[in-house]
Novice: 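So that we are looking at the same thing, I have put the structure below in structure tokens.
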Amino acid sequence: MAAEIFPNKKPANNNPNSIQQYHQQNLNNNNTIPSPHWRGLYATIRERNAVMFNNDLMADIHFVVGPPGGTQRIPGHKYVLAVGSSVFHAMFYGELAEDNDEIRIPDVEPAAFLAMLKYMYCDEIDLAADTVLATLYAAKKYIVPHLARACVNFLETSLSAKNACVLLSQSCLFEEPDLTQRCWEVIEAQAELALKSEGFCDIDFQTFESILNRETLNAKEIVVFEAALNWAEAECHRQELPPTIENKRKVLGKALYLIRIPTMALDEFADGAAQSGVLTVNETNDIFLWYTAAKKPDLQFVSKPRKGLVPLRCHRFQSCAYRSNQWRYRGRCDSIQFAVDKRVFIAGFGLYGSSCGSAEYSAKIELKRQGVILGQNLSKYFSDGSSNTFPVWFEYPVQIEPDTFYTASVVLDGNELSYFGQEGMTEVQCGRVTVQFQCSSDSTNGTGVQGGQIPELIFYA
């Protein structure tokens, strides 16, 4: 699953010396025996120590790692292991030291155990997307804190709406509060993407409940309901139950009432939840009465809408103006580049409207990083002739990483002249986020740092 969730990353290669060939050989074959004069090939103790990684030469302990049917026999050297881990020190040199020549470790994956040993022997951290969680488990079990921290950093860097729910579950298991908080930030801001991800169906019941109960979940309730049904079907398969309506209701249990069905639009309820079969006849009738009757029935479902998230608006101009010959739109692009110092989620842009009375504009907005489109949308907005800004939204908020410049662009189509910003700022403090602006080469309609369109970035932080 992790191989699909995480983006491909090249393994770290902190030592370009020829010793790398031994590392690769030893990962695949733990009986590699160097030549009798191998010590003279390496100038430092670190290099010579690394040759012993996964090597039977002088090994005084062996581990049988992995579950039954998937084990691998891995050699070790007690001194090296004890220096790298207090758990191994107690195991080999403590008061209750074991005399066994072979130790079975069924709860750790062989690849993860090798990654931990490579760190101990070679002072190298070599993480991969499909083994990082297992490596974190091994690092926690054997108390190797620097490797554990590197695993968490890897996970935070790879965090996205696709894997946030799975990582939330794992971060709670591993007691990593910082990673848990990062997961919640992504899930809340990109809730609909997270709920529609395959990873959401893989989470445990406790994590499932905590997400449904989240007050700041930024999603339509019909999306929450559909995601819950998808999770229930997956849970039926995990429990080896037929995925019938009755069994879905059974595995959902009281978590069903955390879905705020009465806050759906009436047509969403009538066309979706009411016809799903998951609700009882009485529940369906009561919810219909909730929508239509003056005297509303008591419901087990939460009837108060979620608070969601309040977007921040970063305004980059100190004033605005209009003139008789600008700002015109003839299919040309207004664009600006920006960078932030913290991870944020761009929900849309605030745009200027007509300076000649009420008017409607068609807006194609786009967000790019190094030429790659991350989000775009085509919509219309109506301006009332004032100098206010008018929001135009992406379909889903777009995750923005810190310290990298992104390009915000809009192509407007409208007959009327509009207001435009002036006295632009190169740096704006918006809440806890610092936003920097610079001109974009994509801008062909005059917008830049000092003036023009796209006066606001609308985001969650």
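When reading the values below, keep in mind they use all heavy atoms of this one structure, side chains included, and skip hydrogens, waters and symmetry mates. Along the sequence shown, residues are numbered consecutively beginning with 1.
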Novice: How long is the gap from CG on L195 to CG on N230, to the nearest 0.5 Å?
Specialist: 10.0 Å
Novice: Check for a donor-acceptor pair, side chain of D126 on one end and backbone N or O of K118 on the other, with a separation under 3.5 Å.
Specialist: no
Novice: Any non-hydrogen side-chain atom of V410 less than 4.5 Å from a side-chain atom of C333?
Specialist: no
Novice: Answer yes or no: is there a side-chain heavy-atom contact under 4.5 Å between Y381 and S362?
Specialist: no
Novice: Check whether W184 reaches the backbone of I211 with its side chain - one donor and one acceptor, N or O, closer than 3.5 Å.
Specialist: no
Novice: Are the side chain of E221 and the backbone N or O of R260 linked by a donor-acceptor pair below 3.5 Å?
Specialist: yes
Novice: Using only heavy-atom distances, determine whether the side chains of S386 and N388 contain a donor-acceptor pair under 3.5 Å.
Specialist: yes
Novice: Judged by atom type as modelled, is there a donor-acceptor pair below 3.5 Å linking the side chain of E283 to the main-chain atoms of T280?
Specialist: yes
Novice: Any sub-3.5 Å donor-acceptor pair from K296's side-chain atoms to W290's backbone N or O?
Specialist: yes
Novice: Is it the case that the side chain of Q399 and the backbone of L159 share a donor-acceptor pair, with hydrogens and angles ignored and the cut-off at 3.5 Å?
Specialist: yes
Novice: Verify side-chain contact (heavy atoms from CB on, under 4.5 Å) between D286 and T284, making sure each step is shown before the conclusion.
Specialist: CA-CA 6 Å; D286 284 347; T284 303; over 6 Å; no
Novice: Taking only residues two or more places apart in sequence or in another chain, which ones pass side-chain contact (heavy atoms from CB on, under 4.5 Å) with N153?
Specialist: R149, E156
Novice: Quick check for you: to the nearest 0.5 Å, what is the distance between L279 atom CG and L256 atom CG?
Specialist: 6.0 Å
Novice: Let me confirm one number: the CD-CZ distance from E401 to R369, rounded to the nearest 0.5 Å.
Specialist: 7.0 Å
Novice: Would you say the ring centroid of Y352 lies under 6.0 angstrom from that of F420?
Specialist: no
Novice: Would you say the side-chain atoms of S210 and N213 include a donor-acceptor pair closer than 3.5 Å?
Specialist: no
Novice: Would you call I373 and L367 a side-chain contact if the rule is heavy atoms closer than 4.5 Å?
Specialist: no
Novice: Working to the nearest 0.5 angstrom, can you tell me the gap between S409 OG and N445 CG?
Specialist: 11.5 Å
Novice: Which pairs with one or both residues in residues 119-140 pass ring-ring contact (aromatic ring centres under 6.0 Å, His included), sequence neighbours excluded?
Specialist: H77-Y121
Novice: Where the side chain of D334 meets the backbone of G452, is there a donor-acceptor pair that is under 3.5 Å apart?
Specialist: no
Novice: Check E235 with R238, please: is the shortest side-chain N to carboxylate O separation under 4.0 Å?
Specialist: yes
Novice: So for atom NZ, which belongs to K364, do other residues, nucleotides or ligands contribute more than 12 heavy atoms lying within a distance under 6.0 Å?
Specialist: no
Novice: Kindly say whether T447 contributes a backbone atom to a donor-acceptor pair with the side chain of S443 at under 3.5 angstrom?
Specialist: yes
Novice: How close do N247 and P242 get, counting heavy atoms only, and between which atoms?
Specialist: ND2-O, 2.7 Å
Novice: Report yes if some heavy atom in the side chain of Q422 is under 4.5 Å from a heavy atom in the side chain of F317; otherwise report no.
Specialist: no
Novice: For S355 and Y419, which heavy atoms make the closest approach, and how far apart are they?
Specialist: CA-CE1, 3.5 Å
Novice: Could you tell me how the ring of F208 sits relative to the ring of F205: parallel (under 30°), tilted (30 to 60°) or perpendicular (over 60°)?
Specialist: tilted
Novice: Which atom pair, heavy atoms only, marks the closest approach of F154 to V132?
Specialist: CD2-CG2, 3.8 Å
Novice: Test side-chain contact (heavy atoms from CB on, under 4.5 Å) on D442 and K368 and set out the steps.
Specialist: CA-CA 11 Å; D442 291 350; K368 295 190 295 186; 2.9 Å; yes
Novice: Using side-chain contact (heavy atoms from CB on, under 4.5 Å), reason through N54 and L117 one step at a time and then give a plain yes or no.
Specialist: CA-CA 8 Å; N54 199 20; L117 262 57; over 6 Å; no
Novice: Please enumerate all residues that pass salt bridge (charged side-chain N to carboxylate O under 4.0 Å, His left out) together with E360, with sequence neighbours excluded.
Specialist: none
Novice: Any carboxylate oxygen within less than 4.0 angstrom of a Lys/Arg side-chain nitrogen, looking at R214 and E188?
Specialist: yes
Novice: Hydrogens and angles aside, do Y329 and D413 bring a side-chain donor and acceptor to less than 3.5 Å of each other?
Specialist: no
Novice: Answer yes or no: is there a side-chain heavy-atom contact under 4.5 Å between H315 and V428?
Specialist: no
Novice: Would the distance check show the side chain of E427 and the main-chain N or O of V435 forming a donor-acceptor pair, the cut-off being under 3.5 Å?
Specialist: no
Novice: Should we count NE2 of H237 as having more than 12 external heavy atoms under 6.0 Å?
Specialist: yes
Novice: Before you tell me yes or no, could you show the steps for F459 and F338 under ring-ring contact (aromatic ring centres under 6.0 Å, His included), namely the whole-Å CA-CA distance, both residues' side-chain angles and the distance that decides it to 0.1 Å?
Specialist: CA-CA 13 Å; F459 62 91; F338 69 93; 8.8 Å; no
Novice: Restricting to non-hydrogen atoms, name the atom on I454 and the atom on L351 that form the minimum distance, rounded to 0.1 Å.
Specialist: CA-CD2, 4.0 Å
Novice: Using 0.5 Å steps for rounding, measure from the CD atom of Q181 to the CG atom of L168.
Specialist: 10.5 Å
Novice: For the ring pair F390 and Y361, is the centre-to-centre distance below 6.0 Å?
Specialist: no
Novice: Going by heavy atoms in the side chains, are K141 and D107 under 4.5 Å from each other?
Specialist: yes
Novice: Is the closest basic N to carboxylate O distance between E215 and K307 below 4.0 Å?
Specialist: no
Novice: Yes or no on side-chain contact (heavy atoms from CB on, under 4.5 Å) for V223 and K220, after CA distance, side-chain angles and deciding distance?
Specialist: CA-CA 5 Å; V223 175; K220 293 181 180 178; 4.1 Å; yes
Novice: Do Q453 and S418 come within less than 4.5 Å of each other through their side chains, counting heavy atoms only?
Specialist: yes
Novice: Measuring from atom OG1 of T263 to atom CZ of F269, what distance do you get when rounded to the nearest 0.5 angstrom?
Specialist: 11.5 Å
Novice: Between S169 and D204, does a side-chain hydrogen bond (donor to acceptor under 3.5 Å, both in side chains) hold up when you go through it step by step?
Specialist: CA-CA 7 Å; S169 177; D204 60 276; 2.5 Å; yes
Novice: Might you confirm whether atom CG of D298 has over 12 heavy atoms from other residues, nucleotides or ligands at distances under 6.0 Å?
Specialist: no
Novice: Search all heavy atoms of A161 against all heavy atoms of L193 and return the closest pair with its distance.
Specialist: CB-CB, 3.7 Å
Novice: Less than 4.5 Å apart, any side-chain heavy atom of T244 and any of K248?
Specialist: no
Novice: For the side chain of S383 and the backbone of S354, is there at least one donor-acceptor N/O pair under 3.5 Å apart?
Specialist: yes
Novice: Is a side-chain donor-acceptor pair under 3.5 Å present for S171 with E176?
Specialist: no
Novice: If I compare all heavy atoms of S276 with all of A273, which pair ends up nearest, and what's the gap?
Specialist: OG-O, 2.8 Å
Novice: Please check if any side-chain donor atom of S335 sits under 3.5 Å from a side-chain acceptor atom of S440, or the reverse.
Specialist: yes
